[in-house]
*Asks:* 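Dropping the structure in here first, questions after.
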Amino acid sequence: MRPPLWHPPIELSDHEALIIKRIKRAKLFTFLRLNRLFIFNDEFQEELATIFKDSTVGNSPVPPAQIALAIILQAYLGISDDEVIEEMSRGSTLAVIPILKKNATVFLSPPLARGG
């Protein structure tokens, strides 16, 4: 099974708009939220998906664009692999996931999940 393309909401929710208005120092979060549609367009997502082996074994794959965004934010925040998965999975299906360690906000939907 190939990973699906990621099509998060384009429009800001009221909650996201409020958070973006409050962000003063972590402008990368705002930039990524407002531009993720352009950064991770379908063509780029399809290219990213080619790195995955087609398989029917294991969990459903996470969209590569979502993984790429998580890696960018992980490096920015300086947190471990386990921490990024834990922090993102706390948000369930929410589009706004708090990263409590750095008092910042990550915009991902749906969240990543730790495998098996």
Side-chain angles (χ1 to χ4, degrees):
M1 165 184 327
R2 287 267 183 207
L5 297 182
W6 184 42
H7 294 109
I10 297 169
E11 297 296 321
L12 293 175
S13 69
D14 291 341
H15 188 67
E16 288 174 318
L18 179 65
I19 291 170
I20 284 176
K21 187 176 179 180
R22 291 182 179 172
I23 291 177
K24 302 292 185 225
R25 293 174 34 197
K27 296 295 184 179
L28 177 64
F29 297 107
T30 300
F31 173 81
L32 290 172
R33 172 55 183 94
L34 296 176
N35 295 288
R36 66 186 178 188
L37 175 69
F38 307 107
I39 296 168
F40 299 109
N41 61 32
D42 285 353
E43 181 182 345
F44 184 49
Q45 288 194 56
E46 289 169 9
E47 185 179 333
L48 288 172
T50 64
I51 65 173
F52 287 84
K53 183 175 120 179
D54 215 3
S55 175
T56 57
V57 179
N59 297 333
S60 297
V62 174
Q66 198 172 358
I67 295 170
L69 184 57
I71 292 168
I72 292 167
L73 295 171
Q74 177 183 7
Y76 181 74
L77 294 171
I79 60 178
S80 72
D81 292 348
D82 283 343
E83 287 174 303
V84 76
I85 292 168
E86 181 182 325
E87 295 296 343
M88 290 179 176
S89 63
R90 284 185 190 179
S92 186
T93 57
L94 298 176
V96 180
I97 301 159
I99 299 283
L100 303 173
K101 277 186 127 359
K102 300 288 183 170
N103 214 10
T105 302
V106 177
F107 300 98
L108 293 175
S109 174
L112 297 177
R114 185 176 282 123

*Asks:* Would you name the heavy atoms of Pro3 and Val62 that are closest together and state the gap between them?
*Replies:*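 Closest heavy-atom pair between Pro3 and Val62: CB-O, 3.8 Å.
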*Asks:* Enter the distance from Glu16:CD to Thr30:OG1 here, rounded to the nearest 0.5 Å.
*Replies:*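 It comes to 10.5 Å.
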*Asks:* Which heavy-atom pair separates Ile39 from Phe44 by the least distance, and what is that distance?
*Replies:*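 Closest approach of Ile39 to Phe44, heavy atoms only: O-CD2, 3.4 Å.
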*Asks:* Go through the steps to decide whether Leu69 and Leu73 satisfy the test side-chain contact (heavy atoms from CB on, under 4.5 Å), and finish with yes or no.
*Replies:* CA-CA 6 Å; Leu69 184 57; Leu73 295 171; 4.1 Å; yes
*Asks:* Kindly indicate whether the side chain of Phe40, heavy atoms from C-beta on, has any atom under 4.5 Å from the side chain of Leu5.
*Replies:*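 Phe40 vs Leu5: side chains apart.
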*Asks:* Could you see if Leu37 belongs to whatever hydrophobic cluster contains Leu12? Use Ile, Leu, Val, Met, Phe, Trp, Tyr and a side-chain cutoff under 4.5 Å.
*Replies:*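 Cluster IDs for Leu37 and Leu12 differ.
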*Asks:* I need the minimum non-hydrogen distance between Thr50 and Glu47, along with the two atoms involved.
*Replies:*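 Distance-wise, the nearest heavy atoms are OG1-O, 2.6 Å.
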*Asks:* So for atom CG, which belongs to Asp14, do other residues, nucleotides or ligands contribute more than 12 heavy atoms lying within a distance under 6.0 Å?
*Replies:*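 No, because the 6.0 Å sphere around CG of Asp14 holds 12 heavy atoms or fewer from other groups.
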*Asks:* About how many Å separate CG of Leu32 and NZ of Lys27, when rounded to the nearest 0.5 Å?
*Replies:*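 So the gap between those two atoms works out to 13.5 Å.
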*Asks:* For the atom pair CG (Leu77) and CD1 (Ile72), what is the distance rounded to the nearest 0.5 Å?
*Replies:*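 It is 12.0 Å, given to the nearest 0.5 Å.
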*Asks:* So which heavy atom on Pro9 is nearest to which on Arg33, and how close?
*Replies:*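 Closest approach of Pro9 to Arg33, heavy atoms only: O-NH2, 3.4 Å.
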*Asks:* Spell out, as yes or no, whether a donor-acceptor pair under 3.5 Å connects the side chain of Gln45 to the backbone of Pro63.
*Replies:*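 No; judged by distance alone, with no hydrogens or angles, the pair does not exist.
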*Asks:* Taking all atoms of both residues into account, what is the closest heavy-atom pair of Gln74 and Asp81, and its distance?
*Replies:*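 Looking at all heavy atoms of both residues, the closest pair is NE2-OD1, 2.7 Å.
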*Asks:* With a 4.5 Å heavy-atom cut-off, do Leu48 and Trp6 have their side chains touching?
*Replies:*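 A side-chain contact under 4.5 Å is absent here.
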*Asks:* Report, as yes or no, whether the 6.0 Å neighbourhood of atom CD1 on Ile51 holds more than 12 heavy atoms from other residues, nucleotides or ligands.
*Replies:*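 Counting other residues, nucleotides and ligands, CD1 of Ile51 exceeds 12 neighbours.
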*Asks:* Run the side-chain hydrogen bond (donor to acceptor under 3.5 Å, both in side chains) test against Asn41 and tell me which residues pass, sequence neighbours left out.
*Replies:*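 side-chain hydrogen bond (donor to acceptor under 3.5 Å, both in side chains) list for Asn41, sorted by chain: empty.
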